[in-house]
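Below is one structure; the comments refer to it alone.
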Amino acid sequence: MSGFWYYLTSALGVGMVLFYLYNAGFQPFASQYHRGVYVFVTYVLVFLTYPMWRGSPSHRPSFLDIALALVSAFVVGYWILEFESLNYRMGNETPMDFYVSLIGIIVSLEVCRRVLGTSLTIVGVVFIGYCYFGPYMPDVIAHRGFSVERIVNHIYLKQEGVFGIMADVLVTYVILFIFFGAFLKKSGAGKFFLDLPLALVGKSTGGPAKVAVVASGFFGSVSGSAIANTVSTGAFTIPLMKKAGFRPHVAGAIEPSASTGGMFMPPIMGAGGFLMAEMTGTPYVEIMKMAIFPALLYFLAVYVMVHFEAKRYGLVGSGDAEAGPRALDILKKQWFMSLPLVIIVTMMLKGYSPGYAAVMATLSCVAVSWLTTEYRMGPRQIFEALQEGARNTLVIGATVGVIGIIVGVIALTGIGLRFSEIIFSLSGGSLPLAILLIGIAALLLGMGVPVTASYLIVAVLAVPAMSAMLAHHHFGMSYTELEMALPQAAVWTLLASHMVVYWFSQTSNISPPVCVAAYAAAAISGSDPWKTGWTAFNFSKMIFLGPLLFAYTPALLLAGTGVEIATAFVTIFLGTIIFSALSMGYFLCPTNILEWCIGAIGAILLLFPKIVFGLTNIDVPILIIDGVAIALFVIVYTLQKIRIKQNPKLLLPLHQRRK
């Protein structure tokens with residue numbers, strides 16, 4: 001943008017940021033303004049800043065862009081201004097209501113197409129078609145069908161569609177944390193979250209890769225996007241890994257694998273945690289508590305895999321010149337850079353809303369920046385942070401309309417309940433098979449849908465089936481009966497189902513053929529995107545193990561006694577280390593088939609001790625099973641020691657052993 005259009009789009013973006021910071025931190029606005037203003041500004045900005053075609057002018061909007069921006073302003077403004085009247089005449093809408101709804105849906109599809117391409121847009125069109133052509137569908141998904149007027153009015157005018165749960169969660173939580181991320185970066189705290197890991201682990205075996213894991217954990221905890229995490233930390237860590245000797249596709253794979261873990265890491269967890277809180281009616285702070293240990297397990301798995309990858313190839317850490325100052329020195333000089341993150345966590349733990357905590361932490365970024373000379377934020381820097389925050393919300397904001405279409409159609413047709421029946425039918429009542437089917441559904445949907453949207457859609461469709469199967473497996477009753485008899489158990493069942501879906505929904509970041517985060521890293525590393533994607537898939541295997549643990553180990557999500565929870569944490573921690581070592585085929589030296597099989601049995605026993613009862617129908621105490629598993633691991637250690645004594649060359653890096 002240049003000239004008048006630059007000032008107009010900047011004013012709209014900055015105004016939106018200030019509106020929502022004021023709305024969350026000082027004075028809440030009515031529902032129609034709370035949801036409508038964001039959709040209004042997002043649609044207008046998308047039409048003004050995203051060209052319709054590749055040949056469109058890049059420095060200014062075309063006449064058609066301006067016309068569409070005005071049309072979108074009218075249809076969204078109509079919903080805002082007519083909000084109360086629409087509620088009064090619901091079911092008896094006027095012709096004007098119908099035409100506004102129809103145009104509003106078309107505009108929503110075009111906004112999505114411009115920002116995210118055709119995949120998600122086509123999904124939205126398919127759902128509308130399904131809603132209209134229901135009687136002609138196969139029996140398993142058929143319904144009575146609805147008129148065009150009923151469809152568009154339901155999707156656009158009611159608070160179950162375009163202005164529904166996705167819009168509400170975005171404006172209540174997500175965009176506030178996106179604003180916070182922009183201010184955090186501008187304040188210099190982002191550099192602190194890179195310098196500290198470099199000092200902590202930069203000199204160890206495979207140091208630069210471990211820096212990528214730790215830095216992605218720090219940055220990911222305050223980032224709402226695995227891709228943003230990848231390009232932000234990867235710009236620094238990927239060249240460092242290549243310099244240390246990591247092959248380009250491996251360096252490009254480690255960063256997105258670690259960055260994906262940021263979507264599981266409190267306090268922000270991307271946008272999924274907030275959606276989960278909204279859909280389950282659970283306070284977000286409780287979801288944070290449940291999510292922290294599984295998130296750490298994910299990073300532990302990637303960290304251990306990176307360690308053994310470096311051991312296999314003899315890759316050492318950074319030298320003194322590159323490693324910089326010691327971690328203690330960095331903490332002494334820059335400890336205050338962590339204050340915004342500390343403020344968010346502390347305020348949420350004390351019961352403040354996530355939105356209010358985000359606003360206070362955003363303001364603290366400005367204060368913290370004034371404790372430095374290099375990153376001190378004056379009016380210009382604050383204005384740039386406001387602009388960047390507004391721009392960063394457009395990608396997720398572009399999904400609002402189409403996700404509203406999908407959720408509205410699911411509610412109108414009742415396909416969610418039918419989908420549950422399909423999962424039951426295909427799985428034959430088998431919980432592992434049902435989990436596999438949900439994972440496949442999330443992966444397929446993720447091929448054309450952003451991860452947050454994928455989670456929401458799959459959750460609406462699959463969580464009822466998952467909850468029913470977990471209730472039957474663990475408690476021997478239906479989910480409805482469980483709600484009546486054991487309300488706390490029902491809460492765990494619902495949250496475990498959502499966690500299963502949420503972890504699976506992140507697979508499109510690192511699973512070919514989509515693996516968008518891996519492609520972004522491949523661009524930085526200069527490696528083959530396809531090869532980088534499959535290697536990232538290899539380093540991210542914990543993302544597929546996590547859902548099984550959620551389903552079979554209630555204590556992992558804090559359901560059970562203190563002893564049960566502590567035991568589960570310790571055994572799963574050890575099991576994750578063994579699982580990660582086996583995944584890389586390396587421990588003290590490369591594992592042979594016998595060692596791998598013995599270690600695999602030990603890992604399974606540590607991660608899923610109840611499998612013994614399932615296979616033998618003998619109720620063996622957990623401590624005995626854990627003891628056997630650890631003994632098996634000791635056997636592997638002993639066997640490797642014997643092999644190394646017989647052939648010391650096994651300790652040499654791979655390229656030297658081949659000579």
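In what follows, every heavy atom counts, from backbone to side chain, and hydrogens, waters and symmetry copies are set aside.
For Lys242, the NZ atom is densely surrounded, since the number of other residues' heavy atoms within 6.0 Å is greater than 12. At most 12 non-hydrogen atoms from other residues, nucleotides or ligands lie less than 6.0 angstrom from NZ of Lys531. The environment of Tyr352 atom OH is sparse: at most 12 non-hydrogen atoms of other residues, nucleotides or ligands sit within 6.0 angstrom.
Side-chain contact, Thr532 with Ser527: a donor N or O sits under 3.5 Å from an acceptor N or O. Between the side chains of Ser369 and Ser187, not a single donor N or O lies within less than 3.5 Å of an accepting N or O. If you check the side chains of Glu255 and Thr237, you find a donor sitting under 3.5 Å from an acceptor.
If you run side chain to side chain contact (heavy atoms under 4.5 Å, CB included) between Glu278 and each of Val169, Thr172, Leu456, only Val169 comes through. None of Thr576, Leu606, Thr553 except one satisfies the side chain to side chain contact (heavy atoms under 4.5 Å, CB included) rule with Thr571; the exception is Leu606.
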Pair Val342-Trp335, side chain to side chain contact (heavy atoms under 4.5 Å, CB included): steps then yes or no: CA-CA 11 Å; Val342 172; Trp335 61 269; over 6 Å; no
Verify side chain to side chain contact (heavy atoms under 4.5 Å, CB included) between Phe504 and Phe544, making sure each step is shown before the conclusion. CA-CA 7 Å; Phe504 274 139; Phe544 303 98; 4.1 Å; yes
Does the side chain to side chain contact (heavy atoms under 4.5 Å, CB included) test come out yes or no for Ile287 and Phe274, once each step is laid out? CA-CA 9 Å; Ile287 291 174; Phe274 303 121; over 6 Å; no
Just do the side-chain hydrogen bond (donor to acceptor under 3.5 Å, both in side chains) check on Thr493 and Ser467 with the steps written out, would you? CA-CA 6 Å; Thr493 302; Ser467 298; over 6 Å; no
Quick one, Val460 with Tyr455, criterion side chain to side chain contact (heavy atoms under 4.5 Å, CB included). Give me CA distance, side-chain angles, the key distance, then yes/no. CA-CA 8 Å; Val460 172; Tyr455 163 60; over 6 Å; no
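The side-chain heavy atoms of Ser204 and Lys210, taken from C-beta on, include a pair separated by under 4.5 Å. Put simply, the side chain of Val115 does not reach to within 4.5 Å of the side chain of Leu394, judged on heavy atoms. Residues Ile178 and Ile396 are in side-chain contact: their nearest non-hydrogen atoms beyond the backbone lie under 4.5 Å apart. Here the side chains of Thr233 and Ser259 are in contact, with some heavy-atom distance below 4.5 Å. Under the 4.5 Å side-chain criterion, counting only non-hydrogen atoms from C-beta, Leu431 is in contact with Tyr552. Looking at heavy atoms from C-beta onward, Lys311 lies out of side-chain contact with Met584 at the 4.5 angstrom threshold. Residues Asp528 and His249 are not in side-chain contact: their nearest non-hydrogen atoms beyond the backbone lie 4.5 Å or more apart. Put simply, the side chain of Val304 does not reach to within 4.5 Å of the side chain of Phe299, judged on heavy atoms.
Taking each heavy atom of Ala568 and Ala555 in turn, the nearest pair found is CB-CB, 3.6 Å. For the pair Phe539 and Ser257, the tightest heavy-atom approach, listed with the atom from each and the gap, is CB-OG, 3.4 Å. Thr393 approaches Tyr38 most closely through the heavy-atom pair O-OH, 2.8 Å. Nearest heavy atom pair, residue Ala459 against residue Val501, reads N-CG1, 3.7 Å. The shortest heavy-atom contact between Gly533 and Ala518 is CA-CB, 3.9 Å. Considering all non-hydrogen atoms of both residues, Ala629 and Leu605 come closest at CB-CB, 3.8 Å.
For the atom pair CE (Met276) and CG (Leu494), the distance works out to 9.5 Å, reported to the nearest 0.5 Å. Note that CZ of Phe569 and CG of Leu558 are 5.0 Å apart. Values are rounded to the nearest 0.5 Å. Of the inter-residue distances, the one linking Leu557 atom CG with Met290 atom CE reads 4.0 Å to the nearest 0.5 angstrom. The CD1 atom of Ile343 sits 12.0 Å away from atom CE of Met348, with the distance rounded to the nearest 0.5 Å. Atom OG of Ser505 is separated from atom CD1 of Ile457 by 10.5 Å, given to the nearest 0.5 angstrom. Expressed to the nearest 0.5 Å, how far CG of Leu556 lies from CG of Leu548 amounts to 11.5 Å.
The aromatic rings of Phe308 and Tyr586 lie tilted to each other, with the angle between the two planes from 30° to 60°. Ring planes of Phe587 and Phe633: tilted class, angle from 30 to 60°. Taking the six-membered ring where tryptophan is involved, the planes of Phe264 and Tyr298 are perpendicular, since the angle between them exceeds 60° and thus also 30°.
When atom types are taken as modelled, the side chain of Tyr284 and the backbone of Pro267 share a donor-acceptor pair closer than 3.5 angstrom. In this structure, Lys541 contributes its side chain and Asn538 its backbone to a donor-acceptor pair below 3.5 Å. Looking only at distances, a side-chain donor or acceptor of Trp596 sits under 3.5 Å from a matching main-chain atom of Leu582.
Salt-bridge formation is detected for the pair Lys289/Glu286: a Lys NZ or Arg NE/NH1/NH2 atom is positioned less than 4.0 Å from an Asp or Glu carboxylate oxygen.
Between Trp492 and His474, the ring center distance clears the sub-6.0 Å criterion.
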